[in-house]
Amino acid sequence: SVLCLMPSAQAIDYVKCEAIQRAAARLKSAIDAEALAAQNAIILPAMEKAQARCSTKFVNNEVLKCISTRMADYEAEGVMAREEVIENYAPRVDRVLADYEAMGCY
């Protein structure tokens, strides 16, 4: 029979696969929330200060230009803070992916 010729495959434990998928989803949610919080901790206070300073000196489009100019460095700093959080989680993400593959999940 053809079945006898096929190598025996490792049985996939779908319950464990689903558990790993749920853990990965929780991890992604935690990463996204923490990364956004890190970015906002830098950007939001800077935005408030920039709006306060610029609105006392300028009107209309000039206010927006002033804010944009003042925010450039803070936005870059916020992105770096966000990326640092994601980088810190990388080993945990790698472990979850390795577990998922080791279990034969797909």
Side-chain angles (χ1 to χ4, degrees):
S1 143
V2 174
L3 292 177
C4 294
L5 298 175
M6 294 176 61
S8 63
Q10 176 183 350
I12 297 173
D13 185 336
Y14 292 103
V15 173
K16 285 186 181 176
C17 290
E18 286 181 29
I20 293 171
Q21 286 175 335
R22 285 192 303 274
R26 284 191 306 273
L27 182 59
K28 182 184 181 331
S29 180
I31 292 168
D32 290 347
E34 194 173 319
L36 182 61
Q39 187 172 12
N40 284 344
I42 292 167
I43 291 179
L44 295 181
M47 179 63 87
E48 286 180 22
K49 288 178 187 173
Q51 284 176 329
R53 287 184 183 146
C54 293
S55 62
T56 61
K57 296 179 182 179
F58 302 101
V59 294
N60 299 332
N61 289 341
E62 294 300 316
V63 173
L64 298 177
K65 286 181 188 176
C66 172
I67 291 171
S68 178
T69 302
R70 290 182 177 272
M71 288 303 298
D73 289 341
Y74 293 106
E75 286 174 6
E77 192 178 329
V79 168
M80 288 189 332
R82 186 178 207 297
E83 289 174 355
E84 186 177 315
V85 167
I86 293 167
E87 193 175 304
N88 287 340
Y89 272 96
R92 289 174 65 184
V93 171
D94 290 344
R95 276 196 306 274
V96 170
L97 291 174
D99 288 348
Y100 193 72
E101 288 176 12
M103 292 294 301
C105 303
Y106 55 89

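What you see below is based on every heavy atom in this structure, not just the backbone, and it leaves out hydrogens, waters and symmetry mates.
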> Output side-chain donor-acceptor pairs under 3.5 Å for residues 26-33, partner residues at least two apart or in another chain, one line each.
from  : atom 1 : to    : atom 2 : distance (Å)
Lys28 : NZ     : Asp32 : OD2    : 2.8

> Which side-chain N or O atoms in residues 62-77 pair as donor and acceptor under 3.5 Å with protein atoms at least two apart or in another chain?
from  : atom 1 : to    : atom 2 : distance (Å)
Thr69 : OG1    : Lys65 : O      : 2.9

> Can you give the donor-acceptor pairs under 3.5 Å from side chains of residues 79-93 to other protein atoms, not counting sequence neighbours?
from  : atom 1 : to    : atom 2 : distance (Å)
Arg82 : NE     : Gln39 : OE1    : 3.1
Asn88 : ND2    : Glu84 : O      : 3.3
Tyr89 : OH     : Glu34 : OE1    : 2.7

> Hey, quick one: are Leu97 and Ile20 part of the same hydrophobic cluster, counting side-chain heavy atoms closer than 4.5 Å, chains of contacts allowed?
yes
> Atom CD of Gln21 and atom OH of Tyr14: how far apart are they, to the nearest 0.5 Å?
11.0 Å
> At their closest point, which heavy atom of Ala52 faces which heavy atom of Thr56, and how far apart are they?
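The pair with the smallest heavy-atom distance is O-CG2, 3.3 Å.
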> CG of Asn61: more than 12 outside heavy atoms within 6.0 angstrom?
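Not more than 12 within 6.0 Å, no.
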> Roughly how far, to the nearest 0.5 Å, is the SG atom of Cys17 from the CG atom of Asp99?
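Going from CG on Asp99 over to SG on Cys17, the span is 10.5 Å.
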> So how far is it from Lys49 NZ to Leu44 CG, rounded to the nearest 0.5 Å?
12.0 Å
